[in-house]
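Inspection log for the structure reproduced underneath, given as structure tokens.
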Number of protein chains: 2
Amino acid sequence: MAKSQADRFSKEHQLLADLAKVLSHPARIAILEVLASRNVCVCGEVVAELPLSQATVSQHLKVLLEAGLITGEIEGPKSCYCVNWNRLAEVQSMLTKWFGDTIQLKLNCC
Amino acid sequence: MAKSQADRFSKEHQLLADLAKVLSHPARIAILEVLASRNVCVCGEVVAELPLSQATVSQHLKVLLEAGLITGEIEGPKSCYCVNWNRLAEVQSMLTKWFGDTIQLKLNCC
DNA sequence: TCTATTCATCGTATATAGACGATAAACAAT
DNA sequence: ATTGTTTATCGTCTATATACGATGAATAGA
């Protein structure tokens, strides 16, 4: 998408699409589940669970970080990542609201 | 992604990611809303509402079709598209379930 | 200080997505 | 039949996403 196309759509539509995009890769779904199921959140453990290289996992972690879905504390050699539960609930709420609002528009169409 | 990477992840993770990917573009969010808010569903009206060419809108419609989120009846020159309400509810349910299951794993992490 | 470990980032290569003009296909209406 | 309208698809170009080896940065421990 070119720069001039960045504001073709409403902020709300763009926001929703961006959220969906974060979840649009199985690796990121898997990473969220791994982090959610452990109280230890060291990066290396995530890498060990995934069929991807360390560099690739790190990239996916960055995407999740930038979306606020996880928090990360880079403590020297070891990085500790953790699910941002509040944000995750917020995203769930936004998606649920959109579905609810849209389905509510239901008319006898077609 | 190469072909050999198609089955790197579980079917469930892939399924969720695929669903999210369908919603990961503002045009498709907008199209769903347009279709949901009208009981007339002619393709041309969708094109008129979006800042995209007819060809591009048609591509997005195809993605939504393949995901089952809309139904389309190509009736000669005019195509009638319509939100597949059951499928939309199903997708909402799947996403909600994943969030619920994941959040339920919440531990005192980090 | 030196080494080993861990992880982010860079560089790069490939794949997919997105956009659109042009064209084809399918009719409706004359 | 011919014309006009509507929409799907093709071809192509560009942008973004994904993947990974290599490197650099940061630190713990010898």
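Letters go in sequence order (proteins before strands), and every chain restarts at 1. The shown structure was predicted, so the numbers you read here are calculated from the model rather than taken from an experiment.
Across the protein-nucleic acid pair, B:D18 atom CG and C:dT16 atom C1' stand 13 Å apart, rounded to whole Å. Atom NZ of A:K78 is separated from atom P of D:dA26 by 19 Å (rounded to the nearest Å). Taking atom CD of A:E73 as the reference point, atom P of C:dA8 lies 13 Å away to the nearest angstrom. To the nearest angstrom, P of D:dT12 lies 15 Å from CD of B:Q59. In this structure, the CZ atom of B:R8 is 19 Å from the P atom of D:dA17, given to the nearest Å. If you measure from atom CD1 of A:I31 to atom P of D:dA19, you get 10 Å, rounded to the nearest angstrom. Rounded to a whole Å, the CD atom of A:Q14 is 13 Å from the C1' atom of C:dG18. Whole-Å rounding puts the A:I70 CD1 to C:dA8 P distance at 9 Å.
Closest heavy-atom contact between B:I70 and B:Y81: CD1-CD2, 3.7 Å. Heavy-atom minimum distance, B:L50 versus B:A30: CD2-CB, 3.7 Å.
Although no hydrogens or angles enter the test, the distance criterion places a donor-acceptor pair under 3.5 Å between the side chain of A:S24 and the main chain of A:K21. Remark: the backbone N or O of B:A67 is paired with a side-chain donor or acceptor of B:R87 at under 3.5 angstrom.
When distances run from any side-chain atom of B:A55 to the nucleotides D:dT7, C:dT9, C:dA22, the shortest one goes to C:dA22. Considering only the side chain of B:S58, D:dA8 comes nearest among D:dC20, C:dA22, D:dA8. The listed nucleotides are D:dC20, D:dT7, C:dA19; the one nearest the side chain of B:Q54 is D:dT7.
Within the structure, a side-chain polar atom (N or O) of A:S79 is placed less than 4.0 Å from OP1 or OP2 of C:dA8. A:T56 has no side-chain polar atom (N or O) that falls below the 4.0 Å cut-off from OP1 or OP2 of D:dA19. Applying the 4.0 Å criterion to OP1 and OP2 of C:dA19, one finds that B:H60 has a side-chain N or O inside that range. Contact annotation: A:S53 does not reach the phosphate of D:dA19 (side-chain N/O to OP1 or OP2, under 4.0 Å). In this structure, A:K21 does not reach the C:dA17 phosphate: none of its side-chain N or O atoms is under 4.0 Å from OP1 or OP2. In this structure, B:Y81 reaches the D:dA8 phosphate: one of its side-chain N or O atoms is under 4.0 Å from OP1 or OP2.
Nucleotides of DNA chain D nearest to A:A27 and B:C43 differ in position, and the one nearer the 5' end is that of B:C43.
Neither side chain, A:W98 nor B:Q92, offers a donor N or O lying under 3.5 Å from an acceptor on the other.
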